[in-house]
Amino acid sequence: MSEDVQLKSSVGIVGAGIQGICIALFLIKKGFKVTLIDRDDPGKHSASYGNAGHFSPYASVPINRPDILVDIPSMLLSSTGPLSLKWNYVPKMIPWFFKFIKKCSKKNMMHTAKYMHQILNLAISSYDELFQEIDISGLVESKGIIYFWTNKDLKSRELEINIRNQLGIKQQLLTPHDIHDLEPHIKKIYHGGVLYVNAKHTRNPKKILLKLFDLFLKKGGHFERQNVQSISFTFDSKPIIKTDLNSYTFDKAVIACGAFSKKLTELMNEKIPLDTERGYHVHFKGYDHLLSRPVIFLNRGFGITPMEQGLRVVGTVEFGGLNNPLSKKRILNLVNNAKYLFPELTEHHDEWLGFRPSLPDFLPVMGPSKNYKNLFYSFGHHHLGWTLGAISGKIVAGMIAKEKTNLNLEPYSSLRFS
Ligand SMILES: Cc1cc2nc3c(=O)[nH]c(=O)nc-3n(C[C@H](O)[C@H](O)[C@H](O)COP(=O)(O)OP(=O)(O)OC[C@H]3O[C@@H](n4cnc5c(N)ncnc54)[C@H](O)[C@@H]3O)c2cc1C
């Protein structure tokens with residue numbers, strides 16, 4: 001695309017989560033005129049606000065793996081485990097589960113691992129490009145992330161460690177003694193662990209999101225706080241984004257609404273099996289001094305990150321759609337699990353429910369829509385959408401600008417579901 005054309009081209013992006021904002025910033029760098037449209041103020045409720053704040057470039061081993069199918073029944077029955085179902089949603093989720101089961105073969109697992117690794121490997125350097133332009137002092141820490149476990153859970157750890165070794169991912173195995181040296185306040189219930197040395201974390205995802213959003217406005221980006229109802233097209237294929245209040249015509253449009261994207265893609269006559277894995281967090285205010293870095297206790301499938309808000313306890317994979325209310329039982333599960341590791345914790349605050357946007361093959365959708373050449377998608381980044389914000393933004397902006405790339409982007413296309 002010539003520079004002249006780019007300067008005139010306008011792009012409307014639906015969704016101002018980490019995906020939408022990063023795409024917007026990379027497009028502005030290329031000379032596009034960008035409008036972000038979101039029904040909420042950025043970072044108010046979205047997944048990009050409430051996540052665990054991990055930048056996890058190591059996390060290419062997907063959830064679709066052969067051994068998970070054996071583990072699911074016991075995980076569902078466990079009162080301390082991460083998995084739960086809202087029974088009223090099970091019938092709606094059945095097609096997603098069937099597709100997921102199909103994707104749990106070793107071959108499919110390795111396909112996902114390879115193409116998650118392709119983008120995860122570029123995640124940190126892509127953020128560095130954006131972070132050069134904002135002040136992140138005190139907000140991003142490079143101390144790695146620790147996973148630990150008891151002997152009960154050793155087998156599945158071996159699979160992950162082997163795949164990560166194959167992919168050349170840096171990991172440092174930890175003895176109980178090492179874990180205690182690194183994080184002396186955790187109750188010594190663990191038998192082993194691993195430190196992902198290249199991982200980072202943020203002490204406040206919302207502050208980072210808002211700093212990137214302010215940068216977008218400062219660079220001439222435009223924001224509309226409106227609910228998008230539908231997208232249609234002019235006779236010459238330009239997208240018209242219709243909100244509750246207005247209609248806006250652009251040269252190109254992007255759907256980046258996280259777990260809510262399906263409402264719009266269905267209107268585009270495309271059946272993409274996007275659903276949500278609901279997750280929760282609570283804060284224990286004033287206790288962040290108990291940890292230096294994020295930790296994940298694998299047997300119980302939850303994590304704790306030291307943040308400005310205190311210790312943020314994050315976890316649960318709950319299949320229950322977008323409309324069921326927050327489950328007090330899941331909150332209690334997180335609170336009890338946190339107190340198991342840190343018996344000194346007292347009152348918790350800020351009970352939050354968020355929506356991971358997940359596809360059955362655990363690869364995101366990035367690329368043009370099946371039916372409309374001027375409409376692009378960027379959603380479905382599941383547990384890793386915070387980590388993948390900048391690299392996805394760079395990739396999707398590059399696609400819109402019709403730039404060449406050495407990456408194989410086909411595996412992320414929505415056409416894989418046609
Ligand atoms: C509990 C939990 C912990 C997590 N921890 C991590 C982690 O540590 N590391 C990591 O990498 N990832 C993590 N994730 C995943 C990550 O947070 C998400 O994948 C990511 O934030 C998704 O970003 P997004 O921009 O696609 O969607 P969102 O952040 O959900 O943003 C979508 C935006 O679209 C807007 N929108 C939706 N529909 C419309 C409409 N019709 N009109 C206008 N606006 C609309 C919404 O208001 C929202 O602002 C976690 C997720 C959860 C739930």
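Ligands are counted one by one from 1 in listed order, and the atoms in each one are counted from 1 as well.
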Undergrad: Are Y49 and H45 near enough that their ring centres are under 6.0 Å apart?
TA: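 Not close enough - the centres of the two rings lie 6.0 Å or further apart.
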Undergrad: Can S56 be said to touch ligand 1, with heavy atoms closer than 4.0 Å?
TA: no
Undergrad: Under a 3.5 Å cutoff, is there a donor and acceptor pairing between the side chains of N371 and S369?
TA: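 Distance-only check fails for N371 and S369.
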Undergrad: Return a yes/no value for H383: is any of its N or O atoms, backbone included, closer than 3.5 angstrom to an N or O of ligand 1?
TA: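 Looking only at distances, the answer is yes, because the N/O contact criterion of under 3.5 Å is met.
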Undergrad: Just to be sure I'm reading this right: ignoring hydrogens, which of H382, K44, R356 gets closest to atom 51 (C) of ligand 1? Compare them by their nearest heavy atoms.
TA: R356
Undergrad: At less than 4.0 angstrom from any non-hydrogen atom of G258, what atoms of ligand 1 do you find?
TA: 26 (O), 27 (O), 32 (C)
Undergrad: Out of H281, H283, K328, which residue meets the side-chain hydrogen bond (donor to acceptor under 3.5 Å, both in side chains) rule with E351?
TA: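 Running side-chain hydrogen bond (donor to acceptor under 3.5 Å, both in side chains) over H281, H283, K328 with E351 returns exactly one hit, K328.
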Undergrad: Taking the ring centre of each residue, are Y147 and Y196 less than 6.0 Å apart?
TA: yes
Undergrad: Between ligand 1 and A16, is the shortest N or O to N or O distance under 3.5 Å?
TA: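 No; every N/O pair is 3.5 Å or more apart.
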Undergrad: Without hydrogens or angle criteria, can the side chains of E270 and Y377 be said to hold a donor-acceptor pair below 3.5 Å?
TA: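 A pair is found: one side chain offers a donor N or O, the other an acceptor, under 3.5 Å apart.
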Undergrad: With nothing but distance in play, are any N or O atoms of G385 less than 3.5 Å from an N or O of ligand 1?
TA: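 G385 vs ligand 1: N/O contact under 3.5 Å present.
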Undergrad: Considering both backbone and side-chain atoms of Q19, is one of its nitrogen or oxygen atoms within less than 3.5 Å of a nitrogen or oxygen in ligand 1?
TA: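 Yes; the residue has a nitrogen or oxygen that sits under 3.5 Å from a nitrogen or oxygen of the ligand.
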Undergrad: Heavy atoms only: which of H54, H381, H45, E277 lies closest to atom 7 (C) of ligand 1?
TA: H54
Undergrad: For a quick check under 3.5 Å, do E277 and H383 share a side-chain donor-acceptor pair by atom type?
TA: yes
Undergrad: Among all protein non-hydrogen atoms, which one is nearest to atom 41 (N) of ligand 1, and what is the separation to 0.1 Å?
TA: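 Here the closest protein heavy atom is V228 O, 3.0 Å.
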Undergrad: Would the distance check show the side chain of T387 and the main-chain N or O of H54 forming a donor-acceptor pair, the cut-off being under 3.5 Å?
TA: yes
Undergrad: How far is atom 31 (O) of ligand 1 from its nearest protein heavy atom, and which residue and atom is that?
TA: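 It is G17 CA, 3.5 Å.
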Undergrad: Taking 4.0 angstrom as the limit and counting only heavy atoms of T387, give me the atoms of ligand 1 inside it, by number and element.
TA: 9 (N), 10 (C), 11 (O)
Undergrad: Given that the side chain starts at C-beta and the backbone is N, CA, C, O, which of these parts of S378 lies under 4.0 Å from ligand 1, counting heavy atoms, or is it both or neither?
TA: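 Neither part.
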Undergrad: Of the protein's non-hydrogen atoms, which lies at the shortest distance from atom 5 (N) of ligand 1, and what is that distance?
TA: A52 N, 3.0 Å
Undergrad: Tell me whether R278 contacts the main-chain N or O of G321 through its side chain, where contact means a donor paired with an acceptor under 3.5 Å.
TA: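 Yes; at least one donor-acceptor contact below 3.5 Å.
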Undergrad: Does any N or O of ligand 1 fall below 3.5 Å from an N or O anywhere on Y280, backbone included?
TA: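 No - when backbone and side-chain N and O of Y280 are compared with those of ligand 1, no distance drops under 3.5 Å.
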Undergrad: Other residues, nucleotides and ligands only: do more than 12 of their heavy atoms fall within 6.0 Å of NZ on K219?
TA: yes
Undergrad: Any side-chain heavy atom of F213 sitting closer than 4.5 Å to one from L217?
TA: yes
Undergrad: Looking only at protein heavy atoms, which one is nearest to atom 47 (O) of ligand 1, and how far off is it?
TA: D38 OD1, 2.7 Å
Undergrad: Ignoring angles and geometry beyond distance, decide whether V314 reaches within less than 3.5 Å of ligand 1 through its nitrogen or oxygen atoms.
TA: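 Between V314 and ligand 1, no N or O pair is found under 3.5 Å apart.
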Undergrad: What distance separates D244 CG from N227 CG, expressed to the nearest 0.5 Å?
TA: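 Going from the CG atom of D244 to the CG atom of N227 covers 4.5 Å.
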Undergrad: Please determine if G315 has a nitrogen or oxygen closer than 3.5 Å to a nitrogen or oxygen of ligand 1.
TA: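 By distance alone, the answer is no.
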Undergrad: Do F223 and F216 have ring centroids that are under 6.0 Å from one another?
TA: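 Ring centroids of F216 and F223 are no less than 6.0 Å from each other.
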Undergrad: Can you check which of P205, S48, G354, G380 brings a heavy atom nearest to atom 23 (O) of ligand 1?
TA: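 Heavy atom nearest to atom 23 (O) of ligand 1 belongs to S48.
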Undergrad: For atom 30 (O) of ligand 1, which protein heavy atom lies nearest, and how many Å away is it?
TA: A47 N, 3.6 Å
Undergrad: For V396, which of I391, L409, I23 qualifies under side-chain contact (heavy atoms from CB on, under 4.5 Å)?
TA: I23
Undergrad: I'd like to know if the side chain of N108 reaches the main chain of K102, judged simply by a donor and an acceptor atom lying under 3.5 Å from each other, with no hydrogens or angles considered.
TA: yes
Undergrad: For ligand 1, which atoms, with element, lie under 4.0 Å from some heavy atom of P357?
TA: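 It comes down to these atoms of ligand 1: 19 (O).
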Undergrad: Does F260 approach ligand 1 within less than 4.0 angstrom via side chain, backbone, both or neither, non-hydrogen atoms only?
TA: side chain
Undergrad: Does E344 CD have over 12 foreign heavy atoms under 6.0 Å away?
TA: yes
Undergrad: Which atoms from ligand 1 have a heavy atom of S46 less than 4.0 Å away?
TA: 28 (P), 29 (O), 30 (O), 31 (O), 48 (C), 49 (O)
Undergrad: Any atom of ligand 1 sitting under 4.0 Å from a heavy atom of Q226?
TA: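 Q226 counts as a contact of ligand 1 under the 4.0 Å cut-off.
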Undergrad: Could you tell me the residue and atom name of the protein heavy atom closest to atom 44 (N) of ligand 1, and the distance to it rounded to 0.1 Å?
TA: R39 N, 3.2 Å
Undergrad: Could you list the atoms of ligand 1 found under 4.0 angstrom from a heavy atom of G279?
TA: 1 (C)
Undergrad: What protein heavy atom lies closest to atom 16 (C) of ligand 1? Include the residue and the distance to one decimal.
TA: W386 N, 3.6 Å
Undergrad: Say whether G53 and ligand 1 are in contact under the criterion: heavy-atom distance to a ligand atom below 4.0 Å.
TA: yes
Undergrad: Of all the atoms in ligand 1, which lie at a distance below 4.0 Å from a heavy atom belonging to L384?
TA: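 Near L384, the atoms of ligand 1 are 10 (C), 11 (O), 12 (N).
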Undergrad: Taking atom 32 (C) of ligand 1 as the point of reference, which of A123, C257, G15, G20 owns the nearest heavy atom?
TA: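 Checking each option, the heavy atom nearest atom 32 (C) of ligand 1 is found in C257.
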Undergrad: Under a 4.0 angstrom heavy-atom cut-off, which atoms of ligand 1 come close to N51?
TA: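 Those atoms are 3 (C), 4 (C), 5 (N), 6 (C), 13 (C), 14 (N), 17 (O), 50 (C).
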Undergrad: For the pair R164 (side chain) and Y58 (backbone), establish whether a donor and an acceptor sit closer than 3.5 Å, ignoring hydrogens and angles.
TA: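 Side chain of R164 to backbone of Y58, a donor-acceptor pair under 3.5 Å: yes, one is there.
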Undergrad: Any atoms of ligand 1 less than 4.0 Å from a non-hydrogen atom of N227? List them with their elements.
TA: 40 (C), 41 (N), 42 (N)
Undergrad: Could you please spell out the steps behind the ring pair (Phe, Tyr, Trp, His ring centres under 6.0 Å) verdict for Y287 and F342?
TA: CA-CA 10 Å; Y287 286 101; F342 295 102; 8.7 Å; no
Undergrad: Heavy atoms, side chains only, cut-off 4.5 Å: are I331 and H348 in contact?
TA: yes
